[in-house]
Structures are given as C-alpha cells and as structure tokens.
Amino acid sequence: MFLIPCPYCGERDESEFSCAGEAHIDRPLDPDALTDEQWGDYLFHRKNPKGWHQEQWHHTAGCRRYFNMLRHTVSYEIKAVYKIGEPAPEIEQ
Amino acid sequence: MKKYSLLSLARNALSYHENWQQAWRSPDPKPAYDAVIIGGGGHGLASAYYLAKEHGMRNIAVLEKGWIGGGNTGRNTTIVRSNYLWDESANLYEKSMQLWEGLSQELNYNVMFSQRGVYNLGHNLQDLRDIHRRVNANHLNGIDGEFVTAEEIARRIPFINTSPDSRYPILGASFQPRGGTARHDAVAWGFARGADALGVDIIQNCEVTGIRRDGGKVVGLDTARGYIETPKVGVVVAGNSTTIADMAGFRMPVESHPLQAFVSEPIKPILDTVVMSNAVHGYISQSDKGDLVIGAGIDAYNGYGQRGGFQTIEHTMAAIMELFPIFSRVRMNRQWGGIVDTCPDACPIIGTTPVKGLYFNCGWGTGGFKATPGSGWVFAHTVANDQPHDLNAAFSLERFITGALIDEHGAAGVAH
Ligand SMILES: Cc1cc2nc3c(=O)[nH]c(=O)nc-3n(C[C@H](O)[C@H](O)[C@H](O)COP(=O)(O)OP(=O)(O)OC[C@H]3O[C@@H](n4cnc5c(N)ncnc54)[C@H](O)[C@@H]3O)c2cc1C
Ligand SMILES: [Zn+2]
C-alpha cells in the first residue's frame, strides 16, 4: 500500500485516494475544430510509460482535492507531489 | 513429434519415464523469418500454431523475453466462458469456446478443459434485468445460458450464502453450462509443442528491443539475441503493448494495470463450478489439486510491477467472505500479480496498425485467457492475409478514431 503525501493533508494511506489517470491532458478549447484522429487521441490514447509517470490523484476520503504525482510504474516509488497548475518536476527517465 | 498415448505412457513407464522426448526444441534464432510473433504467452503461441497449421507459414518464430507462459497466461484464474452481450464479442469468444471443446485432441495435449459451468451472480434488480437481457442475447447468438433463481443456486451450490439478510443478497444468476476452467500452463505448453512440431522456432530469453522500419514498413527486429530480419511482425505482449507501440512510433489506447490472484491451501472438494460476482466483485473456483482459486479487480493505478496493493487483497477477501462465509478460516497459500492491458471499451484490439507489416493483438485486459485459441486463430488469419477475419474486423485500432466502440464494459460485466 502506498503512503501518499497529499500536498494539503500530509501522508495518508493509499486507501483514502483514488487514482485519476494521466496528468496534464488539456481539454481541447475548440473540439469542433479537431479531426477525428485528434479527438480520438484526446479521448483514448494514453502514455502508459514503463518508468516515471505523471498522474492525477484524488484525495477522495480526505480533503477531496485533486493533485498531481510523479511516480515510477515499475518500482512504484513516489518522487514528488505537486498541486494542479504547478509545473511538473524534471526527471530523467 | 511423438504422439502422447496410453501406449507411449506404458512404454515410458518401463524406462522409468527418463526417455520422454523434449516437448519443443530450443533453437538459435535464424537471421531471417517470414513472420515473427513477439510474446510467448498463450495468445502468441496459439497465433504461431495457427499460422503454421492453417496458413502454411512454417518459417516463423516466437520471441519471448522470459519463459513461455510466464506472463498473464501462467498467472490467471483460468475462467472460460463465451456469454458476452454484443454480437461482435459473443461471436469472437464463442469461436474460442468451440476451439476449446476440441483443443486437447487437436493438440494431443491435455489442457484439462473442464466445462463445470460458470455462474454470474446478480445482487439487485438492475443486475437481474441485465442478466436476463444478456441470456436472451446469448440465445439469439446460439450460445448456451440460463437464468437461475436464488433458490436454485442454493440447491446447486451448497455453501453459498443466499440469505436474504446479507448485505448484498444473491437474487439470481446467469449460468453458462459450457463455461468452466482450463489448465493455464498446459495451454501454453500444448500450443508450443504443436507449433514446434510444425517447424515454428520458439526462442525464449529473447527480448525485442527495437522495431526497424523502412518507409513505414517493418523490416526487422532488434533483439537480445541480435538482429532478425522479417517483413511481418505480430505483437502479442499483453501489459507491455505500449512499450512495443512506442518502439514503432504510434500511440495506443491501452493502459497497464496490476491484477492479482490468490490460491488457498488445498482442501477437499467443496465447489464444483465457477462463481463470479461483479457487484461484490470477486470470483472463485476450486482447482483439481483442491486449492481455491480467487481473484477480483485491478489495482487502480498504472503499473508494470507484477504485484499489487494490500487494500486490493482485503477487498477481494471481503467479497469472497460475503459469498462463502464458510471459507473464512481457509488460509491463503500464494498471491501474485500479472500486468493486464486494459482498453477503454474493455474489448481487445486485433488487427493492422499504422506501420505496414506490424499487427497488434492486445487489450484483452482482465479476461483474455478464455479467448486464447480463438484469438490465435483470428490473429493468424490477420497476419497471413494482411487483413482481419470477419470475426475480428470490428476489433480494430481505428475504432478509437471512428468511435465504433464495442461497449462490453458493464454490458457483459466483464469480470473474467
Ligand atoms: C491475475 C489474473 C487473473 C486473470 N483471470 C482471468 C480469467 O479467469 N479468465 C480469463 O479469460 N482471463 C483472465 N486473465 C487475463 C488473461 O490472463 C490474459 O488476458 C491472457 O492470458 C493474455 O495472454 P497473452 O498471451 O496475450 O499474454 P501473456 O501471457 O502475458 O504473454 C505476453 C508475453 O509477452 C512477453 N513479452 C513482453 N514484452 C516482450 C518483448 N519486448 N519481447 C519479447 N517478449 C515480450 C511477456 O514476457 C509474456 O510472456 C487474468 C489475468 C490476470 C493477471
Ligand atoms: Zn488531502
């Protein structure tokens, strides 16, 4: 079980959180202007890296706020958490 | 290949079983093949078998980074059924079911396919409506199935908790009599032996590290055992699909998640069928060795570590306790995880890709074991003919652009 450092509440058990998938996916400002390929890419395609991953988490049973997390998908190490809107920390893959 | 038979068993008994021929060779890779399958799981080996058998492609190889069957094929809870809701998936899984029914004879290898039936439980009114709808849809597609009442469930499955006082009472179930289980390792080994006998090179400890292309077309593979030239590559790597797509330069709609399974200490026969529940989310059967085989849902985050989180274990056990309170004192023997490749519509991707000569068979997620023979059969057709078979045409990568998804999520309640 992960020990997740919520940027608002501090360290809590993973069971208080839900994972909300890949971070930094911008909703297209003008969906009508997109091709089917671009819209499909936005909706369905995901990075799914084997390595460091930027993902969104939700502190469902806590402050109920979203934040971002940099986590390794093989070792599961949590490198950093950062608030929505803050830049992602740099990392070498 | 020497046939396994009663006679060969007797003959080998005389020599203390020390002279059995090896089941498949371990050849060095050739510099070039007519086609290469990446991934020596059940699906990859079945694909190679049917490529050789049905399409006469004998100069082919299967490249496996570890040992064959060491991925999800050897880690799953082996539930086989074909009672899916939509026509596309029902037809695909039913093709597989029909191949299962003759597979031990076809391969001359006992895959221990046991049609002990599969129950999918309903716990509320909407579950029951969905079950009725699915059973009716199955009948229209010629697939066996029946609705079973709670009283009948209590009669057929002695220790299940059908008390109306439970938190999520069992109100009924769908039952597919032809469903059941099979021996997962035997499926990999049987297809490997069959493919090898037809001339397929099965090369283990051979990770693919790069896909060489020329003008949008596959020309060869970089591997742990050197460069291999080939015009056709079938990718069947389950949870590692994105890794290979990244090598080939296009994006995929799959995400990799850990999925856990558990077996208990062996106990005397107590459960002679397969019981699954989506609402409390757990499923259970008993293996021939006597251990209870248990599984549930994925760990919610992306992961490639073949293990899972503790809260998922707790959740799984809570579900099993809800269904079978009698198992509360059975101890678990082993626990492990596999990496499943989930798709947005919970259906597989089997077809061509933006790279010519490169074909993908993935996205089976939590439920592809049951499809092993059928998946190999349609994928072999796709690789050999450079176009899908009617049975897998709808399962294209393009559906994530056209929007023609096959929404089995929820509809069939795709537990395994
Ligand atoms: C715990 C668990 C329970 C499950 N329960 C069920 C069930 O009850 N019923 C059901 O129908 N399905 C079930 N499934 C799903 C099922 O196991 C899979 O859908 C199916 O086995 C996938 O088979 P495969 O051959 O495609 O993949 P795998 O068996 O995973 O084979 C893929 C192979 O590719 C190899 N590979 C990966 N990358 C490379 C590379 N770069 N180079 C070379 N080789 C590579 C891997 O080593 C692996 O051996 C379950 C899965 C899990 C994990
Ligand atoms: Zn919080």
Side-chain angles (χ1 to χ4, degrees), chain A residues 1-6 12-26 28 31-32 34-62 66-81 93, chain B residues 65 207 209 237-247 249-258 260 297-315 318 337 339-347 349 354 362-363 365 396-405:
Chain A
M1 178 148 20
F2 302 158
L3 198 55
I4 298 178
C6 171
R12 301 290 182 88
D13 281 351
E14 180 191 339
S15 49
E16 290 186 13
F17 298 83
S18 19
C19 181
E22 184 180 322
H24 308 295
I25 299 175
D26 293 332
D32 289 343
L34 299 189
T35 63
D36 288 352
E37 281 80 5
Q38 290 167 326
W39 182 243
D41 186 61
Y42 162 70
L43 282 183
F44 300 121
H45 289 168
R46 294 294 176 263
K47 282 189 190 143
N48 193 28
K50 191 176 196 167
W52 292 107
H53 190 30
Q54 299 160 340
E55 53 193 15
Q56 309 177 99
W57 284 74
H58 184 219
H59 196 178
T60 328
Y66 282 91
F67 59 92
N68 292 330
M69 188 153 107
L70 185 63
R71 190 180 60 89
H72 199 277
T73 59
V74 182
S75 71
Y76 296 171
E77 181 190 344
I78 297 170
K79 191 69 136 198
V81 293
Q93 274 290 340
Chain B
K65 75 171 168 162
E207 178 165 2
T209 53
V237 296
N240 285 287
S241 297
T242 307
T243 321
I244 303 279
D246 286 347
M247 292 176 198
F250 57 87
R251 281 165 54 86
M252 290 289 280
V254 298
E255 293 198 88
S256 303
H257 291 274
Q260 306 187 55
I298 55 173
D299 282 63
Y301 46 80
N302 292 33
Y304 288 84
Q306 288 169 312
R307 59 191 185 279
F310 193 75
Q311 75 277 17
T312 308
I313 301 180
E314 273 191 316
H315 176 90
I339 302 306
V340 297
D341 42 340
T342 61
C343 236
D345 59 356
C347 279
I349 297 165
C362 66
S396 66
L397 191 55
E398 290 87 62
R399 75 179 187 273
F400 298 98
I401 294 170
T402 62
L405 305 191

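All heavy atoms count here, side chains included; hydrogens, waters and symmetry mates do not. So that the names make sense, note that chain A is the first sequence line, chain B the second, and so on, each numbered from 1.
Taking B/Phe400 as the reference, A/Phe44 meet the ring-ring contact (aromatic ring centres under 6.0 Å, His included) condition, with sequence neighbours excluded.
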So which donor and acceptor atoms of chain A and chain B come within less than 3.5 Å of each other?
{"from": "A/Glu14", "atom 1": "OE1", "to": "B/Gln311", "atom 2": "NE2", "distance (Å)": "3.3"}
{"from": "A/Glu14", "atom 1": "OE2", "to": "B/Gln311", "atom 2": "NE2", "distance (Å)": "2.5"}
{"from": "A/Asp41", "atom 1": "OD1", "to": "B/Arg251", "atom 2": "NE", "distance (Å)": "2.9"}
{"from": "A/His45", "atom 1": "O", "to": "B/Arg251", "atom 2": "NH2", "distance (Å)": "3.2"}
{"from": "A/Arg46", "atom 1": "N", "to": "B/Met252", "atom 2": "O", "distance (Å)": "3.2"}
{"from": "A/Asn48", "atom 1": "O", "to": "B/Tyr304", "atom 2": "OH", "distance (Å)": "2.7"}
{"from": "A/Asn48", "atom 1": "OD1", "to": "B/Ser256", "atom 2": "N", "distance (Å)": "3.0"}
{"from": "A/Asn48", "atom 1": "OD1", "to": "B/Asn302", "atom 2": "ND2", "distance (Å)": "3.2"}
{"from": "A/Asn48", "atom 1": "ND2", "to": "B/Thr242", "atom 2": "OG1", "distance (Å)": "2.6"}
{"from": "A/Asn48", "atom 1": "ND2", "to": "B/Val254", "atom 2": "O", "distance (Å)": "3.4"}
{"from": "A/Asn48", "atom 1": "ND2", "to": "B/Ser256", "atom 2": "OG", "distance (Å)": "3.0"}
{"from": "A/Asn48", "atom 1": "ND2", "to": "B/Tyr304", "atom 2": "OH", "distance (Å)": "3.2"}
{"from": "A/Lys50", "atom 1": "NZ", "to": "B/Asn240", "atom 2": "OD1", "distance (Å)": "2.7"}
{"from": "A/Arg71", "atom 1": "NH2", "to": "B/Asn302", "atom 2": "O", "distance (Å)": "2.6"}
{"from": "A/Thr73", "atom 1": "O", "to": "B/Tyr304", "atom 2": "N", "distance (Å)": "2.7"}
{"from": "A/Val74", "atom 1": "O", "to": "B/Arg307", "atom 2": "NH2", "distance (Å)": "3.1"}
{"from": "A/Ser75", "atom 1": "O", "to": "B/Arg307", "atom 2": "NH2", "distance (Å)": "3.4"}
{"from": "A/Tyr76", "atom 1": "OH", "to": "B/Gly305", "atom 2": "N", "distance (Å)": "3.3"}
{"from": "A/Tyr76", "atom 1": "OH", "to": "B/Gly305", "atom 2": "O", "distance (Å)": "2.9"}

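At a 4.5 Å heavy-atom cutoff, the contact between B/Leu405 and chain A is made by side-chain atoms alone.
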